[in-house]
Amino acid sequence: MSIKILAIETSCDDTSASVSSDTRILSNIIANQDVHKNYGGVVPELASRAHQQNIIPVVYTALSEAKIHKNQLDAIAYTQGPGLLGSLLVGSSFAKSYALGLDIPLIVVDHLKAHILSHFVEDEKMKTPSFPFLCLTVSGGHSMIVKITSHSEMEVLGHTIDDAAGEAFDKAAKIMGLPYPGGPMIDKLAKNGNPKRFSFSKARIKGLNYSFSGLKTSFLYFLRDELKKNPNFIEENKADLAASIQDAIVESLLDKVFIAIKETNIRRVAIAGGVSANSYLRKRLTEQAAAIQAEVFIPVTEYSTDNAAMIAVAAYFKYINNDFSTQEATPYTRSFYK
Ligand code: KG4
Ligand code: ZN
């Protein structure tokens with residue numbers, strides 16, 4: 001008999017629920033929150049309220065699309081952290097009540113580990129890495145290189161000391177006057193631009209850590225100077241600006257990934273998290289890995305950005321290890337490596 005899990009993800013601004021059968025995904029429903037568009041970023045209080053409105057319809061849609069009755073579920077899983085506290089509380093309260101009502105086990109999942117474990121979703125469009133492998137894990141709040149030796153053992157080899165790559169994308173987009181979230185907008189605009197037209201100073205940090213705040217400042221000052229000479233500079237150079245800042249972020253990320261491959265001699269490399277949806281990152285990683293015969297693992301876009309399917313799969317590996325939670329579990333806002 002397969003294990004059926006209902007998973008809930010509410011760490012930031014997307015309300016998501018998924019039903020899985022072992023590592024197969026029967027449904028993965030995601031309600032995006034439009035309320036933040038007018039504010040240029042996620043407003044935590046508005047995110048919590050939207051989760052509260054979305055959670056019941058999203059869960060019911062996930063169950064009905066999966067054609068699973070609640071009484072067939074074996075466990076309820078939810079994202080414990082990291083994320084926005086108010087948002088996490090909505091998912092955790094819902095999950096706890098549902099598990100209590102159905103009298104089935106509760107499983108807590110770490111959002112970042114789940115991004116990595118999205119590679120174990122059974123999907124014909126994806127191949128699953130064998131252990132050990134490296135995973136560049138890049139989201140709105142985190143950028144790190146992780147060494148994965150089993151479904152539960154993960155070691156952070158390097159992480160950002162300031163801004164995350166996703167933040168760098170979003171801030172660069174904001175400076176250019178693009179709406180939030182800026183990452184996908186930059187990706188789209190850059191398709192028609194020249195990535196080598198402008199160059200921005202990249203951080204020179206020792207080891208496998210990252211820093212993106214200097215790059216952001218260099219972009220800001222460059223545009224400030226150019227706008228003094230030509231007030232239409234951004235409008236006239238939008239595609240080249242997007243392509244050039246994207247190139248700087250992506251090459252900074254990949255430089256360290258290839259150092260990590262060399263240092264660990266692990267020739268399997270995956271990407272995960274919202275920024276792993278970036279088409280240029282996918283292309284450059286594939287090209288550079290081919291040159292050294294390293295194997296690349298890229299999740300389908302649906303599992304790159306925030307989704308509950310990855311929570312369901314991460315929960316499945318906990319379920320088979322009898323790693324259950326209690327009603328006392330509390331959400332956390334910071335990631336596991338800090
Ligand atoms: O993992 P995620 O969906 O949410 C968090 O856990 O934070 O990551 C969101 C981040 C945002 O910074 C967003 O701009 C970025 O992922 N992102 C992208 C793309 N799609 C999402 N960045 C660059 N290119 C994209 N196509
Ligand atoms: Zn995420």
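FYI, side chains are in, hydrogens and waters are out, and symmetry mates aren't considered; it's all heavy atoms of this structure. Numbering of ligands and ligand atoms starts at 1, following listing order.
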Quiz item: Under the side chain to side chain contact (heavy atoms under 4.5 Å, CB included) test, which residues partner Asn209, sequence neighbours left out?
Solution: His159, Ile161, Ile205
Quiz item: Are Glu251 and Arg284 ion-paired here, with the side-chain N under 4.0 Å from a carboxylate O?
Solution: yes
Exercise. Could you find the nearest protein heavy atom to atom 7 (O) of ligand 1 and give me its residue, atom name and distance?
Key: Gly140 N, 2.9 Å
Quiz item: Any heavy atom of His115 sitting closer than 4.0 Å to ligand 1?
Solution: yes
Quiz item: How about Gln288 and Phe258: do any of their side-chain heavy atoms sit closer than 4.5 Å?
Solution: yes
Practice problem: Specify the protein heavy atom at minimum distance from atom 21 (C) of ligand 1: its residue, its atom name, and the distance to 0.1 Å. | Solution: Gly274 O, 3.3 Å
Quiz prompt | Protein N, O or S atoms under 2.8 Å from the Zn ion (ligand 2) | solution = 3
Quiz item: What pairs with Pro132 under side chain to side chain contact (heavy atoms under 4.5 Å, CB included), at least two apart in sequence or on another chain?
Solution: Thr149, Ile266, Arg268
Quiz item: Could an N or O of ligand 1 be found under 3.5 Å from any N or O of His111, whether backbone or side chain?
Solution: yes
Quiz item: What residue and heavy atom of the protein are closest to atom 12 (O) of ligand 1, and at what distance?
Solution: Asp170 OD2, 2.7 Å
Quiz prompt | Aromatic plane relationship, Tyr319 with Phe324 - under 30° parallel, 30 to 60° tilted, over 60° perpendicular | solution = perpendicular
Quiz item: In the protein, which heavy atom is nearest to atom 3 (O) of ligand 1, and how far is it?
Solution: Asp306 N, 3.1 Å
Exercise. Look at atom 24 (N) of ligand 1 and say which protein heavy atom is nearest, naming residue and atom and giving the distance to 0.1 Å.
Key: Asn278 ND2, 3.0 Å
Exercise. Report yes or no: is the cationic atom of Lys127 (NZ for Lys, CZ for Arg) under 6.0 Å from the centre of the six-membered ring of Phe297, at an angle within 45° of the ring normal?
Key: yes
Quiz prompt | Contact atoms of ligand 1, heavy-atom distance to Gly166 under 4.0 Å | solution = 12 (O)
Quiz item: Hey, does Lys188 sit under 4.0 Å from ligand 1 if you only count heavy atoms?
Solution: no
Quiz item: Do Ser276 and Ser304 have side-chain N/O donor and acceptor atoms under 3.5 Å apart?
Solution: yes
Quiz item: Is Asp123 salt-bridged to Lys125, cutoff N-O under 4.0 Å?
Solution: yes
Quiz item: Where does the angle between the aromatic ring planes of His151 and Phe131 fall among parallel (under 30°), tilted (30 to 60°) and perpendicular (over 60°)?
Solution: perpendicular
Quiz item: Does a donor on one side chain sit under 3.5 Å from an acceptor on the other, for Asp247 and Tyr280?
Solution: yes
Self-check item: side chain to side chain contact (heavy atoms under 4.5 Å, CB included) partners for Pro184, two or more places apart
Solution: Pro181
Quiz item: Taking the non-hydrogen atoms of Pro184, is any one of them nearer than 4.0 angstrom to ligand 1?
Solution: yes
Quiz prompt | Ligand-residue contact atoms, ligand 1 with Asp187, heavy atoms, under 4.0 Å | solution = 24 (N), 25 (C), 26 (N)
Quiz item: What's the shortest distance from atom 22 (N) of ligand 1 to any protein heavy atom, and which residue and atom give it?
Solution: Gly183 CA, 3.4 Å
Quiz item: Salt bridge between Asp170 and Lys174, side-chain N to carboxylate O under 4.0 Å?
Solution: no
